[in-house]
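Right, one structure below, let's go through it.
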Amino acid sequence: MEIAFGPVPSRRLGHSLGINNIPPKHCSYSCIYCQVGPTPAQEITPRVFYPPQEIRRQVEAHLHAVRARGEAVDYLTFVPDGEPTLDSQLGEAIDSLSDLGLPIAVISNATLIGREDVRAVLNRADWVSLKVDSVDAGIWQQINRPHPDLRLADILGGIRTFARTYTGKLVSETMLLAGLNDSEKAIQSLGHFLSEAGIHLAYLAIPHRPPAVSGVHGPNEHGVTRAYQILAAQGVEVELLTGYEGEDFASSGDFQRDILAITAVHPLRESAVRTLAEKAGSDMGIVANLVQSGELRRVEHAGELFLIRTFGRLTNP
Ligand code: SF4
């Protein structure tokens with residue numbers, strides 16, 4: 001079994017060397033958008049999968065191999081084809097990697113975070129992402145199709161408790177699905193929970209790979225812009241993970257390149273784009289061309305015009 005893979009480019013984590021510490025597909029959810037397909041038998045009790053020494057051996061060997069090819073690695077990331085905290089030895093695995101000199105990330109669906117032992121394990125990681133697709137129990141059931149013994153209130157309570165004491169970087173990730181969790185009311189409730197829990201960076205994603213249930217898809221640019229603005233108005237820092245990994249956002253002096261990179265992450269008011277154009281000694285003709293070619297889209301929200309990077313053809317049927 002190949003446990004280590006990548007590194008894959010990630011806007012959140014740079015060059016992220018992935019660690020698949022769970023065989024496919026052991027999960028507590030069976031999300032309708034899951035790219036690994038439906039979960040055959042959901043489980044919620046952590047148990048032994050691969051020995052931590054084997055995880056360490058494979059990660060170290062893979063790290064040496066990719067570095068020998070001159071590739072950079074910025075993070076070691078537990079991102080399996082299932083839920084990483086179902087591994088009862090995840091804490092030992094994290095500890096076994098600590099002397100490799102790289103920060104460690106865990107991307108979790110948060111279902112077991114109501115457990116004190118799971119919070120203690122996640123505490124050992126430098127960066128943790130927790131899935132929060134909805135704080136409405138009915139929508140949560142529809143989207144995540146949880147194990148019958150899971151309770152949304154326990155998960156949300158566990159996230160609040162974890163956020164109070166965790167000293168690493170904590171972020172949330174929400175998969176936006178058209179007609180399910182993208183209404184104004186659903187996003188307001190989500191934003192209220194995130195800001196009250198103290199999660200200050202929320203990532204919004206849309207499905208980009210074939211989902212477990214056909215027909216499931218993300219909202220269009222208008223829906224994503226609306227969700228972004230609602231969360232931002234509640235004091236939550238938001239970034240979009242809508243498929244384009246972009247380049248970094250340092251100004252390159254190339255207005256077109258910068259505007260495409262920024263609008264992939266943050267929808268920008270047209271007035272702000274105009275100001276940027278002036279600063280760069282450029283003009284809005286470039287923006288008009290990008291809109292015409294379909295790379296940018298103009299979206300109206302609350303009486304204001306925004307520009308957002310077009311997601312690409314997999315977003316909507
Ligand atoms: S939590 Fe992740 S692995 Fe589990 S069903 Fe949902 S998307 Fe798939």
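Counting convention: from 1, in listed order, for ligands and their atoms alike. Below, all heavy atoms of this structure are taken into account, side chains as well, without hydrogens, waters or symmetry copies.
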Report task. Report whether Ile22 and Ile113 are members of the same hydrophobic cluster (ILVMFWY, side-chain heavy atoms less than 4.5 Å apart, transitive linking). Result -> yes
Query - Metal site atom 4 (Fe) of ligand 1: N/O/S of Cys34 inside 2.8 Å - result: no
Query raised in the report: What residue and atom, counting heavy atoms only, is the protein's closest point to atom 4 (Fe) of ligand 1, and at what distance?
Result: Cys27 SG, 2.3 Å
Requested in this report: State whether a side-chain donor-acceptor pair under 3.5 Å links Ser10 with Ser16.
Outcome: no
Query - No-hydrogen, no-angle side-chain donor-acceptor test under 3.5 Å, Asn181 and Thr174 - result: no
Query raised in the report: Is there an N/O/S atom in Cys31 at a distance below 2.8 Å from atom 6 (Fe) of ligand 1?
Result: yes
Report task. Would you kindly say whether Asp136 and Ser134 are connected by a side-chain donor-acceptor distance under 3.5 Å? Result -> no
Query raised in the report: For Lys25, is the nearest heavy atom under 4.0 Å from an atom of ligand 1?
Result: yes
Query raised in the report: At a non-hydrogen distance cut-off of under 4.0 Å, which region of Lys131 contacts ligand 1 (side chain, backbone, both, or neither)?
Result: side chain
Query raised in the report: Is it the side chain, the backbone, both or neither of Ser30 that has a heavy atom closer than 4.0 Å to ligand 1?
Result: backbone
**Report entry** Ile199 CD1 to Arg160 CZ distance, which is reported to the nearest 0.5 Å
**Finding:** 10.0 Å
Query raised in the report: Is the backbone of Asn20 close enough, under 3.5 Å, to the side chain of Asp81 for a donor and an acceptor to pair up by distance?
Result: no
Query raised in the report: Considering only heavy atoms, which of Asn109, Val36, Thr111, Leu86 lies nearest to atom 1 (S) of ligand 1?
Result: Asn109
